Student: 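Take this structure, written in structure tokens, and hold onto it; I'll ask about it next.
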Amino acid sequence: MVNYTKLIAEKISWAVQISKTELESYIEIPPQSDMGDFAFPCFKLAKTLKKSPVMIAGEIKDKIDTDEYIEKIEENSGYLNFYINNEKLVEEVLKEIENQKEEYGKSDEGNGKNIIVEYSSPNIAKPFHIGHLRTTLIGNSLYRIYKYLGYNTTGINHLGDYGTQFGKMIEAYKMWGKEYDLTEDPINKMMDMYVRINNLCKEDEKVLERCRENFKLLEENDEYCRNLWENFKNISLQEFDKIYNLLDVKFDSLNGEAFYSDKMDEVVSILDAKGKLKESEGAMIVDLTEDGIETPCIVQKADGSSIYATRDLAAILYRARTYDFDKCLYIVAYEQNLHFKQIFAVAKYLVDEKYAKGLKHVSYGMVQLPTGKMSTRLGNVVKIEDLLNETIEKAKEIVLEKNPNLENKDEVAKKVGIAAIAFNTLSTTNTKDQIFDWNTALNFQGETGPYIQYTYVRTKSVLEKIAEMPKAEEIKYELLTDESSIKVLKSLYAFKETLEVTVDKNEPAILARYLIELSQNYSNFYNNNKVLVEDKDVQNARVFLTYAVGTVLKTGAALLGIQMPDKM
Ligand code: ARG
């Protein structure tokens, strides 16, 4: 399929002898359609060419020509505006979608590049909270999109399964294990045990001492402690898996913090050999003032034990060696901004520059829970499983109200409920706080997951009524050049680029926004045009457009972790 940006950059490059790639990055989509489909701001070249933008625009325009794709080129106060040939656009897009079907937009641009997406990473024996839901969904989506664009992608769940708190958990179990039946609601019970032992430790030094002892034993692989720890971990994972299954989230590796417990000495010795370790009040630290970070990174506590940061450093070393990554993304809440600044700064001393540069913290904002009934009933810590199930219940009510005779209601309700949550979460820009609100998330007419599904189902029901799918080459392309059709076609064209920008910025909200626009453009087309009409040519053209929209909506939504029902 033609790439207009490349095509235009080539033309200009030929005229001004500047590299295509540089020029490509300057090409814009004008805010209004009467300013063309693409624009080139000539002031970007004023410095290099030592001329005014207006002069540059005039000169380029004289040198370049229109062609079968570009119908008209205009200059307008230092801008060059390009108008594409709409008929050609229709042809290009429809043929490409016919060829690639549900793989439209897929590419191999990522071939040869290794990407790690680290996401979810809850702490075992503790609740999976709403912040973890956000990293899970963002990570899942980025993981899918990177894969789709051909990157060799590894998804890692860096479980919080290590640390001195497990010494406490073991002590709590020794003391009160019989009181708790961990076969039911285990996370809350473990949480309860943890709070209880913590309180006791504050009162009684001796208990605290025993907890420390347990942790030491755990580190030394003592069988009893090890088994208990494993048990806590398995119980937690069973609970987390319920959420992952509902959301259809998968990982390639569950190597969490504990995995690095025997890999930290090397970190300490490398840093030491490079002369980067300093002693401070008995602890070992790396001073980072040179990097403009005031708080030093502690790598070893005064008692010789490691901390969270040390395990992250060991993970960087391990991942560089194991995955030879080009990028390693950490989808973690903004509260940990300083932590990542610190470990990335220290990483420069541990791994090659290539790896240190590939580390990226994809930080996200808070999630505000709805106030009122729901939040009080669920308590302070929202149980994510309850939240998901409650949303699915609500979705079922709405779906049944609209379509009482629906078959496989439960399956549809599940897809709609998950879509509501996933879209609500993913359409919020990473860095912004997200507000969770049922009425907004489940509104079939709003900018929501269910609205995208609803639009898809609409395309399906149109296609159900026709006897045979027309072929793209038989379409009379000029029949789709009216305003509302061409808007849809332009959206369809933009899919691939949208995916590229989404991974470039690691921001699924860009894809989410795109799917809303495509849905809105199709709804607009649908309201303005009858699809099933007497005139066979008109019908074929509109049917094919409908098919194309449905296909791209389905593919795009799947990349956000949203599945389409056939009916709703
Ligand atoms: N387990 C941590 C938490 O729940 C998040 C881990 C983030 N990843 C990392 N490599 N430090 O807060």
Side-chain angles (χ1 to χ4, degrees), residues 115-140 142-143 154-166 168-169 187 190-191 194 229 232-233 236-237 239-241 243-244 249 251-261 263-264 267 286 293 295 297-299 306-323 325 327-347 350-351 355-356 358-367 380-384 425 430 506:
I115 307 287
I116 293 178
V117 186
E118 191 213 276
Y119 56 112
S120 199
S121 311
N123 302 318
I124 69 167
K126 289 212 182 133
F128 187 108
H129 58 70
I130 193 136
H132 290 126
L133 181 66
R134 201 166 174 189
T135 145
T136 305
L137 291 167
I138 296 175
N140 176 49
L142 290 177
Y143 176 76
T154 306
I156 301 182
N157 190 347
H158 187 77
L159 290 173
D161 54 3
Y162 206 70
T164 43
Q165 72 268 28
F166 291 102
K168 291 184 178 165
M169 281 303 292
I187 304 266
M190 288 193 278
M191 197 51 198
Y194 185 66
W229 170 83
F232 294 141
K233 181 162 165 166
S236 303
L237 279 178
E239 290 298 294
F240 299 158
D241 275 344
I243 297 164
Y244 297 142
V249 168
F251 303 94
D252 301 300
S253 161
L254 288 179
N255 284 343
E257 293 186 44
F259 178 76
Y260 301 100
S261 59
K263 298 176 180 57
M264 291 181 287
V267 170
V286 179
I293 304 168
T295 335
C297 183
I298 304 174
V299 282
S306 67
I307 64 163
Y308 180 54
T310 333
R311 295 187 280 279
D312 259 325
L313 292 169
I316 291 173
L317 196 58
Y318 176 83
R319 288 173 187 176
R321 287 172 182 161
T322 311
Y323 303 105
F325 62 79
K327 272 197 228 170
C328 176
L329 309 177
Y330 296 81
I331 324 294
V332 185
Y334 78 101
E335 282 107 326
Q336 299 195 30
N337 280 0
L338 175 63
H339 166 76
F340 284 104
K341 268 196 190 149
Q342 291 175 317
I343 62 161
F344 292 172
V346 178
L350 276 182
V351 288
Y355 301 117
L359 301 167
K360 179 142 184 52
H361 178 201
V362 179
S363 167
Y364 61 83
M366 271 181 24
V367 188
N380 280 335
V381 190
V382 176
K383 271 189 74 189
I384 297 304
T425 304
N430 291 345
N506 293 310

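Numbers here are sequence positions counted from 1. All ligand and atom numbering here is 1-based and tracks the order in the structure. What you are looking at is a predicted structure, and each value in this text was computed from that prediction instead of being measured. Side chains included, hydrogens not; waters and symmetry mates left out as well; all remaining heavy atoms used.
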Student: Can you tell me which portion of F340 lies within the under-4.0 Å heavy-atom range of ligand 1? Options are side chain, backbone, both, or neither.
Tutor: side chain
Student: Nearest heavy-atom pair of Y318 and K263: which atoms, and what distance?
Tutor: CD1-CE, 4.0 Å
Student: Below 4.0 Å from any atom of ligand 1, is there a heavy atom belonging to E335?
Tutor: no
Student: Any N or O of Y330 that comes nearer than 3.5 Å to an N or O of ligand 1?
Tutor: no
Student: For atom 1 (N) of ligand 1, grab the closest protein heavy atom and report residue, atom and distance to one decimal in Å.
Tutor: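 Answer, as residue, atom name and distance: N123 OD1, 2.6 Å.
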Student: Looking only at protein heavy atoms, which one is nearest to atom 10 (N) of ligand 1, and how far off is it?
Tutor: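 Ranking protein heavy atoms by distance from atom 10 (N) of ligand 1, first comes D312 OD1, 2.7 Å.
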Student: Can you find a pair of side-chain heavy atoms, one from R321 and one from V351, that are under 4.5 Å apart?
Tutor: no
Student: Carefully, step by step, assess F344 and H361 under the rule ring-ring contact (aromatic ring centres under 6.0 Å, His included).
Tutor: CA-CA 9 Å; F344 292 172; H361 178 201; 7.2 Å; no
Student: Please confirm whether the backbone N or O of R319 pairs with a side-chain atom of Y355, one donor and one acceptor, at under 3.5 Å?
Tutor: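 Absent.
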Student: Non-hydrogen atoms of Q336 versus ligand 1: any pair closer than 4.0 Å?
Tutor: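 True for this residue.
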Student: Need the ligand 1 atom indices (1-based, order shown) with element for anything under 4.0 Å from a heavy-atom of H158.
Tutor: 8 (N), 9 (C), 10 (N)
Student: For atom 8 (N) of ligand 1, grab the closest protein heavy atom and report residue, atom and distance to one decimal in Å.
Tutor: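 Ranking protein heavy atoms by distance from atom 8 (N) of ligand 1, first comes E118 OE2, 2.8 Å.
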Student: Just by distance, no angles: are the side chains of N123 and H132 close enough, under 3.5 Å, to form a donor-acceptor pair?
Tutor: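 Distance-only check fails for N123 and H132.
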Student: Check each atom of ligand 1 against the heavy atoms of H132 and keep those under 4.0 Å away; list them by number with element.
Tutor: 3 (C), 4 (O)
Student: Between Y330 and Y119, does the ring centroid distance fall short of 6.0 Å?
Tutor: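 Ring-ring flag for Y330/Y119: false, centres at least 6.0 Å apart.
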Student: Specify the protein heavy atom at minimum distance from atom 6 (C) of ligand 1: its residue, its atom name, and the distance to 0.1 Å.
Tutor: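 Answer for atom 6 (C) of ligand 1: Y308 OH, 3.3 Å.
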Student: Ignoring hydrogens, just give me the one of G131, P122, A315, S121 whose non-hydrogen atom is nearest atom 2 (C) of ligand 1.
Tutor: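 Of the listed residues, S121 has the closest heavy atom.
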Student: Taking side chain as C-beta onward, heavy atoms only, is V299 less than 4.5 Å from L313?
Tutor: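 A side-chain contact exists here, since the closest heavy-atom pair is under 4.5 Å.
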Student: F251 vs Y244 aromatic rings, parallel, tilted or perpendicular, using cut-offs 30° and 60°?
Tutor: perpendicular
